[in-house]
Amino acid sequence: MAEICTLKHAVAQHLHDGDTVALEGFTHLIPHAAGHEVIRQGRKDLTLIRMTPDLIYDQLIGMGCARKLVFAWGGNPGVGSLHRLRDAVENGWPHPLEIEEHSHAGMANAFVAGASNLPFAVLRGYKATDLVKYNDRIKSVTCPFTGEELAAVPALRPDVGVIHAQRADAKGNVLIHGIVGLQKEVVLSARRSIVTVEEVVDALDPPANSCVLPHWAVDAVCAVPGGAYPSYALGYYERDNRFYKAWDAIAKDRDGFRAWIERHVLGTEDFDGFRASLEAARAEEAGP
Amino acid sequence: MAEICTLKHAVAQHLHDGDTVALEGFTHLIPHAAGHEVIRQGRKDLTLIRMTPDLIYDQLIGMGCARKLVFAWGGNPGVGSLHRLRDAVENGWPHPLEIEEHSHAGMANAFVAGASNLPFAVLRGYKATDLVKYNDRIKSVTCPFTGEELAAVPALRPDVGVIHAQRADAKGNVLIHGIVGLQKEVVLSARRSIVTVEEVVDALDPPANSCVLPHWAVDAVCAVPGGAYPSYALGYYERDNRFYKAWDAIAKDRDGFRAWIERHVLGTEDFDGFRASLEAARAEEAGP
Amino acid sequence: MSENDFTTNEMMTVAAARLLENGTVCFVGIGLPSQAANLARLTHAPEVVLIYESGPIGTKPDVLPLSIGDGVLAESADTVVPTHEIFRYWLQGGHIDVGFLGAAQIDRFGNINTTVIGDYDHPKVRLPGAGGAPEIADQSGEVFVVMRHGLRSFVDKLDFLTSGGYLEGGDAREKRGIAGKGPTRVITDLCVLEPEAGSRELVVTSIHPGVSREQIAEATGWDVRFANDVTETAAPTAEELRTLREFLARTAEAHGDTA
Amino acid sequence: MSENDFTTNEMMTVAAARLLENGTVCFVGIGLPSQAANLARLTHAPEVVLIYESGPIGTKPDVLPLSIGDGVLAESADTVVPTHEIFRYWLQGGHIDVGFLGAAQIDRFGNINTTVIGDYDHPKVRLPGAGGAPEIADQSGEVFVVMRHGLRSFVDKLDFLTSGGYLEGGDAREKRGIAGKGPTRVITDLCVLEPEAGSRELVVTSIHPGVSREQIAEATGWDVRFANDVTETAAPTAEELRTLREFLARTAEAHGDTA
């Protein structure tokens with residue numbers, strides 16, 4: 001049953017050290033605000049799951065929140081590397097990061113299996129890739145009817161699923177539209193779930209067959225306007241491609257990254273504070 | 001690539017004697033017009049697939065079009081039996097009908113597996129039912145990770161998938177809304193597909209994330225206004241519950257059924273003719 | 001009929017409806033279950049969440065659907081999902097509190113038959129079949145069965161096991177690794193039965209007003225037993241009867257039945 | 001730059017775009033493939049169907065998306081489906097004619113690496129990883145690879161096999177039971193390579209204007225061979241260049257790059 005509460009409360013309540021956590025978002029609706037709150041509350045030893053870890057995972061990893069990363073594609077789309085992820089994998093900074101690597105098809109099927117309460121997913125995949133040499137969680141099953149051998153991956157069942165969405169109503173029913181990615185599956189596959197939304201409205205009035213999460217299938221709903229920034233929320237604001245490009249320089253060296261996090265994330269109370277702090281920095285750069 | 005054509009042409013072109021055919025529709029959007037055209041063209045030895053066979057399957061079976069029925073629930077919802085189905089199963093009239101019986105969960109998963117080009121589906125199901133004693137196509141698989149045993153059913157891959165939908169555009173892109181059932185999966189799991197629609201419009205302009213079939217994934221699109229009658233098309237017309245109730249008497253005895261089909265289906269050129277013929281009969285009954 | 005008279009069918013529907021709590025997530029079968037679930041929604045449980053297997057979630061029909069996919073279910077739903085999602089994410093996913101089923105036959109352990117009367121290959125009566133029932137019976141948190149009492153329906157031995165209750169009784173269900181609690185209530189036009197601790201045999205726990213133990217025994221195909229503390233079912237309130245009758249009247253009108 | 005001059009990158013994008021036929025259903029990777037696929041759509045193939053793994057089907061972006069999930073992809077799409085459906089119904093379902101990929105490393109048999117440079121456990125350079133590529137490479141009807149030519153990218157031996165081409169060559173791919181035809185074209189800033197019949201080794205079949213065989217040999221990490229009937233790639237037309245440059249200019253503006 002959804003509790004409508006602050007993000008600070010939701011993270012304190014539902015997301016603990018050592019948890020397996022999926023903060024999903026396929027370019028769209030990435031829960032940056034929730035990721036920042038995890039950093040502020042200093043979570044440790046997390047196993048982070050995401051098909052496409054990007055800036056917010058770079059920040060969580062760079063701040064040492066993660067013990068392990070389960071992923072398929074870790075980069076800054078259209079820009080390049082995630083320097084904090086690379087530093088962790090290549091140099092073990094701030095500490096070594098265990099990785100479990102899949103393909104998108106494998107992880108997408110694994111989330112569907114998780115949402116379906118199945119222990120594993122079956123797919124045609126991993127047929128000609130070295131991924132299977134380094135990931136012993138990719139196995140095979142034989143079709144009991146045709147004898148064909150197919151790939152099998154364990155279902156993803158995170159302790160906590162975290163997503164951002166456009167809207168919730170007063171009860172906590174959530175509406176997601178545009179590129180819905182695997183937002184629904186992440187919540188349904190998780191033991192506990194946190195959904196940040198652009199706004200809480202009186203009534204959702206969703207179009208027929210749109211992607212809706214009923215309030216009784218979600219644990220916490222938090223109004224965080226702009227909470228996906230620098231990702232985007234269709235119908236609210238666009239992706240800040242400039243920020244994605246600027247991140248490359250910010251994350252390149254350890255001290256610069258630390259300074260940025262300390263000033264804009266640890267140095268602020270919440271996401272509004274973070275946005276204001278960024279604006280102030282931009283004004284400074286622009287000069288008088 | 002969708003051909004926009006008459007239903008008569010589509011059935012002649014794509015649906016042949018001996019084919020395995022799924023005319024799906026979960027109460028909503030049942031392709032009655034397409035079923036009538038199959039009867040008019042005198043198809044034989046069909047294997048009919050449907051989760052919920054109802055009046056149109058009763059008619060196809062009563063006219064001897066079917067050799068086998070794959071199904072989960074065969075009745076006249078809220079009314080009672082399908083007398084032609086029962087007569088075929090209980091008395092072999094007009095000829096014996098082989099049946100392969102599943103649960104809804106089993107068939108729904110089997111259509112999803114078919115649409116996904118997988119040979120089988122995995123589900124938690126068939127755990128305590130005699131269905132497994134009479135259906136050797138329900139088997140089991142063992143999870144390679146947990147060792148759990150789960151049910152497995154073969155994917156449904158019909159030769160022909162037939163559905164009714166609300167709209168198509170000039171290219172043949174199809175929009176389905178309301179209770180979408182498994183309409184999308186039926187088309188994607190089938191080798192060939194026929195979609196009847198209420199109307200062909202210039203542009204679909206579907207709401208975000210609605211259920212759309214791209215024209216290049218459909219073989220034939222036929223404009224048949226009212227083509228789901230006595231089922232319904234959300235936004236166009238309601239289910240004719242009176243007809244569902246009246247069907248009970250029509251189908252009860254063999255001669256009455258035959259006479260009805262000969263007058264209203266075989267005696268008419270197309271679905272418009274069928275509707276007109278029904279109206280005429282009603283006028284007669286009402287008397288002067 | 002005066003407002004305080006009521007039929008045994010009305011008593012059955014009212015008794016079944018009372019079992020649904022506000023906020024319960026309920027997977028609704030067509031027919032009597034649908035009638036009872038909607039009566040609950042229109043009386044004491046306005047926030048009950050009704051899910052029909054065709055796809056509607058959180059539906060609030062103003063008339064009783066004749067089928068599980070009537071338009072009114074889609075139009076009044078919080079959301080409508082594909083049928084496969086209902087079975088995969090919502091039922092198998094473990095989100096259903098109560099599965100509400102009807103049946104043609106039931107035995108002393110709450111196992112039900114909706115498939116055939118007589119031999120499967122040469123049936124006396126071919127019934128509609130399983131539909132969603134086997135998985136609803138397995139995977140719902142608990143199951144309520146509502147059906148009329150009678151020797152043809154309350155049988156010593158099922159002709160066909162469509163959906164499992166407590167199977168051979170005792171812990172047979174748990175041994176089979178079935179997730180849900182099983183049929184915790186069977187509501188008929190004469191009484192309410194519940195599984196006895198240990199044996200899991202259905203015993204009568206509440207008798208509807210004006211019904212005798214003899215009537216129940218004569219209408220049951222096995223030597224039915226009565227709980228030590230059998231209560232009398234509270235008669236339908238005026239409010240319950242009015243709501244049910246208005247609902248059924250609206251329905252009859254919508255479906256074009258003669259009053 | 002005069003309208004008839006063009007860069008090697010422009011030649012690469014134009015040569016890649018020309019390979020997409022009108023009506024082709026194309027699974028588009030981000031970066032160079034996305035650029036080429038959209039150029040095709042804006043020139044000779046207005047009906048090409050572009051699918052991005054985030055969910056948009058039949059998308060028609062007016063500027064190049066920086067990511068595979070930009071809003072412009074959703075807003076201009078015929079439909080947007082969940083990401084898992086893209087992989088299960090559309091790619092695995094067998095509906096993709098052409099998978100359009102980029103890569104960090106490629107070998108003589110069209111096998112590609114987008115995972116690591118150096119040892120997996122102690123990488124010199126950790127690359128983003130597989131993403132959708134392994135299944136796109138396996139399940140698309142055929143695969144086009146577009147990438148810049150160079151000794152670091154055209155290698156004798158991959159550091160990591162992310163996505164399979166012709167594997168060890170010959171019929172190794174078929175023997176592995178892989179559905180799609182594999183990489184039938186590799187388009188670079190110097191030339192176009194295609195698998196040779198039989199050996200399935202990539203050989204140069206078309207050389208871009210002004211490029212010498214020596215340049216190609218020096219930029220290839222294996223002893224690259226040339227087909228008997230090597231042609232010269234037709235230079236970009238004024239129309240192709242204008243369309244590409246306008247598209248990239250619109251994109252730079254939208255992404256806030258300095259011109």
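Lettering follows sequence order; numbering is per chain, from 1. All heavy atoms count here, side chains included; hydrogens, waters and symmetry mates do not.
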Contact class of Y126(B) relative to chain C, heavy atoms under 4.5 angstrom
both

Checking heavy atoms, do the side chain of H102(B), its backbone, both or neither come under 4.5 Å from chain C?
backbone

Can you see which heavy atom on V89(B) is nearest to which on P123(C), and at what distance?
CG1-CG, 4.0 Å

Is the side chain of E238(B) donor-acceptor paired with the backbone N or O of G71(C) at a distance under 3.5 Å, no angle test?
no

Under 4.5 Å from any heavy atom of chain B, what part of V116(C) do you find: side chain, backbone, both or neither?
neither

Between P56(C) and chain B, which part of the residue has a heavy atom less than 4.5 Å away: side chain, backbone, both or neither?
side chain

Do the side chain of E135(C) and the main chain of H104(B) share a donor and acceptor less than 3.5 angstrom apart?
no

Chain C contact via M107(B) - side chain, backbone, both or neither, heavy atoms under 4.5 Å:
neither

Please answer whether the main-chain N or O of T115(C) pairs with a side-chain N or O of E101(B) as donor and acceptor at a distance below 3.5 Å.
no

Do V80(C) and H28(B) come within less than 4.5 Å of each other through their side chains, counting heavy atoms only?
no

Backbone N/O of Y134(B) and side chain of Y120(C): donor-acceptor pair under 3.5 Å
no

Mind listing the closest non-hydrogen atom pair of Q92(C) and R124(B) along with its distance?
OE1-N, 2.8 Å

Donor-acceptor check, side chain of T129(B) to backbone of T162(C), threshold 3.5 angstrom: yes or no?
yes

Donor-acceptor pair, K127(B) side chain versus G177(C) backbone, under 3.5 Å?
yes

At a heavy-atom separation under 4.5 Å, does E149(B) approach chain C through its side chain, its backbone, both, or neither?
neither

